[in-house]
Amino acid sequence: MPTVILDIEGTVCPISFVKEVLFPYFVKKAPEYLDTVDFPIKPAEGLSTTLLGFPEEVTQSKEALLAHINDLVSRDIKDVNLKAFQGTVWKEGYQNGEIKAPVYPDAIDLIKSDNKVYIYSSGSIPAQVLLFKHVDVDGELKDLTSYISGYFDISTAGYKQEKASYEKITKEIGQQASELTFYSDVAGEVDAAIEAGLKAVVVVRPGNAPLAAPEKYNIIHSF
Ligand SMILES: CSCCC(=O)C(=O)COP(=O)(O)O
Ligand SMILES: [Mg+2]
């Protein structure tokens, strides 16, 4: 049974879903969440623990923290604390039906196939699970999590353009690197996976950034 590792944004769902739905939802809701904690933030349970991961100088006031968070979002910085906070906020949107994940039909077919499927995204693992629990299939919500063997994010595996992250994932999965195929829209991620000995394929979807050197890669437009 082949084993595949799938990126999310730009691979199994459109980049526009992340940039035009998930990020704006987070930016709109984040202030309300910050209203639930006292500033300067002190060690406590729940959201405060996540927020204390941000640099100390920005956890002194709501205004400073919001400015920092909005800056990270606008530059699409893959920051562990930001990703954890985003997952917390998106949970509300998925649960109240405002957010549904537009996973490409061919990606749904792959996930439901005989392949062993793992996910590796910069989005936090709780955010990944929410996404695959709330997949929009012709207007109906479907939960695909039972088809997924495991999840990796930047807090568990490391950054996606680093060879060591794929070595760690290979060890966790417990197969030879050469038996694993990683799919991503980002050439730097595919390069890192190949360096670690995995097979890797670039997925080109509508709206993805153009590749600088397409001739270097195995490319697909759908699974
Ligand atoms: C649950 S993924 C949400 C999107 C996100 O925050 C992100 O950073 C996607 O990055 P990817 O590694 O999937 O391209
Ligand atoms: Mg991606």
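The first residue in the sequence is number 1, and the count goes up from there. Read the numbers this way: they start at 1 and go in the same order the structure lists the ligands and their atoms.
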Any pair with a residue in residues 51-76 that passes side-chain hydrogen bond (donor to acceptor under 3.5 Å, both in side chains), sequence neighbours left out, goes on the list, sorted by first then second residue, please.
-> K19-D76, D35-K62, D71-R75, D76-K78

Given that the side chain starts at C-beta and the backbone is N, CA, C, O, which of these parts of Y151 lies under 4.0 Å from ligand 1, counting heavy atoms, or is it both or neither?
-> neither

Say whether S124, considering both its backbone and side-chain N or O atoms, lies within less than 3.5 Å of an N or O atom on ligand 1.
-> no

The one among K78, E189, E9 that brings a heavy atom closest to atom 8 (O) of ligand 1 | K78

Would you please indicate if the ring centroids of F85 and F26 are separated by under 6.0 Å?
-> yes

N/O separation below 3.5 Å, S122 to ligand 1 | yes

Flag D7 as yes when one of its N or O atoms lies below 3.5 Å from any N or O atom of ligand 1, and as no otherwise.
-> yes

Tell me whether I119 is reachable from I154 by hopping between hydrophobic residues (I, L, V, M, F, W, Y) whose side-chain heavy atoms are closer than 4.5 Å.
-> no

Kindly confirm or rule out an N or O of A127 lying under 3.5 angstrom from an N or O of ligand 1.
-> no

Could you give all pairs that pass the ring-ring contact (aromatic ring centres under 6.0 Å, His included) test and reach residues 154-173, with sequence neighbours left out?
-> Y120-Y166, Y166-F182

Check whether any N, O or S atom of D7, backbone or side chain, sits closer than 2.8 Å to the Mg ion (ligand 2).
-> yes

Shortest protein contact, atom 5 (C) of ligand 1 (heavy atom only) | K83 NZ, 3.6 Å

